[in-house]
Amino acid sequence: MHWKIAYAQVKKIPRGRVMTYGQLAAAVKLPGGARSAGRAMAASPSGKGIPWHRVVGAGGRLLLREPNVWMQRRLLESEGVRVAERRILDFKMRQWLPVRKKRKA
DNA sequence: CATCTGACGACCG
DNA sequence: GCGGTCGCCAGAT
């Protein structure tokens, strides 16, 4: 589907930064909103270089289920993103706003 | 075509 | 701060 665009956006997420499903959905204007973003990631073809692990739930929460969340956490930590069980630490700073970022210090 | 399910998000207790 | 519920929308069965 047009999930391609979602993937394209995800690929733009810089290393060590994350985006929420809601943001992603809004950024590419996915019809179903955040949920569709989630579906898109769930169906994301692995091995295509899509940093799906950089897409998290609102508030920087890891919404994946048991086995996968561990991998996501590991991938994030490998990029320097600190994670506590199911939540990204310093999410506010870690969050990446497409193009018009400019987060305050 | 009816129903269920879910990698969501906002609210409420 | 956390868990439970409701609302939403798109796919799958």
Side-chain angles (χ1 to χ4, degrees):
Chain A
M1 298 285 157
H2 42 312
W3 290 345
K4 284 179 62 176
I5 28 192
Y7 300 149
Q9 177 62 48
V10 173
K11 287 181 190 168
K12 293 180 185 174
I13 304 176
R15 196 162 173 286
R17 291 296 177 62
V18 296
M19 230 176 133
T20 69
Y21 295 100
Q23 282 182 345
L24 175 58
V28 301
K29 301 180 184 61
L30 283 179
R35 255 182 142 129
S36 286
R39 291 194 57 62
M41 298 325 298
S44 67
S46 52
K48 294 284 193 289
I50 300 174
W52 57 270
H53 57 278
R54 291 179 193 156
V55 183
V56 301
R61 295 173 19 188
L62 306 187
L63 305 174
L64 283 66
R65 287 197 219 155
E66 274 304 287
N68 302 309
V69 68
W70 298 332
M71 178 171 73
Q72 179 174 33
R73 176 180 178 175
R74 177 176 161 149
L75 287 169
L76 286 171
E77 294 187 315
S78 72
E79 296 186 349
V81 178
R82 236 102 45 156
V83 179
E85 289 313 306
R86 281 214 187 76
R87 176 167 279 165
I88 292 178
L89 302 180
D90 300 320
F91 173 65
K92 288 181 184 175
M93 297 200 317
R94 245 61 237 231
Q95 185 174 36
W96 181 70
L97 299 321
V99 246
R100 132 189 317 287
K101 32 114 259 23
K102 187 41 177 183
R103 62 198 200 316
K104 63 192 178 85

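Each chain gets a letter, A, B and so on, in the order its sequence line appears, and its residues count up from 1.
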Task: Distance in angstrom units between A/Q9 CD and B/dA7 P, rounded - done: 22 Å
Task: Reported CG-to-CZ distance for the pair A/L30 and A/R35, which is rounded to 0.5 angstrom - done: 14.0 Å
- [ ] Quick one: label A/A58 by what it contacts on the DNA or RNA (base, sugar-phosphate, nothing), any heavy atom closer than 4.0 Å.
- [x] sugar-phosphate
Open item on the list: Distance criterion of 3.5 Å, no angle test: do you see the side chain of A/R35 paired donor-to-acceptor with the base of C/dC9?
Closed with: no
- [ ] Please report, rounded to the nearest Å, how far the P atom of B/dA10 is from the CG atom of A/L63.
- [x] 12 Å
Task: Point-to-point distance, once rounded to the nearest 0.5 Å, from CZ of A/R54 to CD1 of A/I88 - done: 11.5 Å
TODO: Round to the nearest Å and state the distance from A/R65 atom CZ to B/dC8 atom C1'.
DONE: 13 Å
TODO: Specify the separation, in whole Å, of atom CZ of A/F91 and atom C1' of B/dG9.
DONE: 13 Å
- [ ] Please state whether the phosphate of B/dA7, meaning OP1 or OP2, lies under 4.0 angstrom from any side-chain nitrogen or oxygen of A/R39.
- [x] no
Open item on the list: Could you tell me how far apart A/K29 (NZ) and C/dC9 (C1') are, to the nearest whole angstrom?
Closed with: 18 Å
Task: Closest nucleotide among C/dA10, B/dA7, B/dG9 to the A/A34 side chain - done: B/dG9
- [ ] Quick one: label A/G33 by what it contacts on the DNA or RNA (base, sugar-phosphate, nothing), any heavy atom closer than 4.0 Å.
- [x] nothing
Open item on the list: I need the CZ-C1' distance between A/R73 and B/dA7, as an integer number of Å.
Closed with: 18 Å
Open item on the list: Is it the case that the side chain of A/Q72 and the backbone of A/V55 share a donor-acceptor pair, with hydrogens and angles ignored and the cut-off at 3.5 Å?
Closed with: yes
- [ ] Tell me what A/R87 touches on the nucleic acid: a base, only sugar-phosphate, or nothing, going by heavy atoms under 4.0 Å.
- [x] sugar-phosphate
Task: Distance, rounded to the nearest Å, where A/Q23 contributes CD and B/dA10 contributes C1' - done: 16 Å
- [ ] Measure the spacing between CZ of A/R15 and OG of A/S78 and express it to the nearest 0.5 Å.
- [x] 6.0 Å
Task: Under-4.0 Å side-chain N/O to phosphate OP1/OP2 contact, A/R61 with C/dC2 - done: no
TODO: Using whole Å, report how far OH of A/Y21 lies from C1' of B/dA10.
DONE: 17 Å
- [ ] Check every strand shown and say whether A/L64 touches a base, only sugar-phosphate, or nothing at a heavy-atom separation below 4.0 Å.
- [x] base
Open item on the list: When you measure from the side chain of A/Y7 to the backbone of A/A40, do you find a donor-acceptor pair of N or O atoms at a distance under 3.5 Å?
Closed with: yes
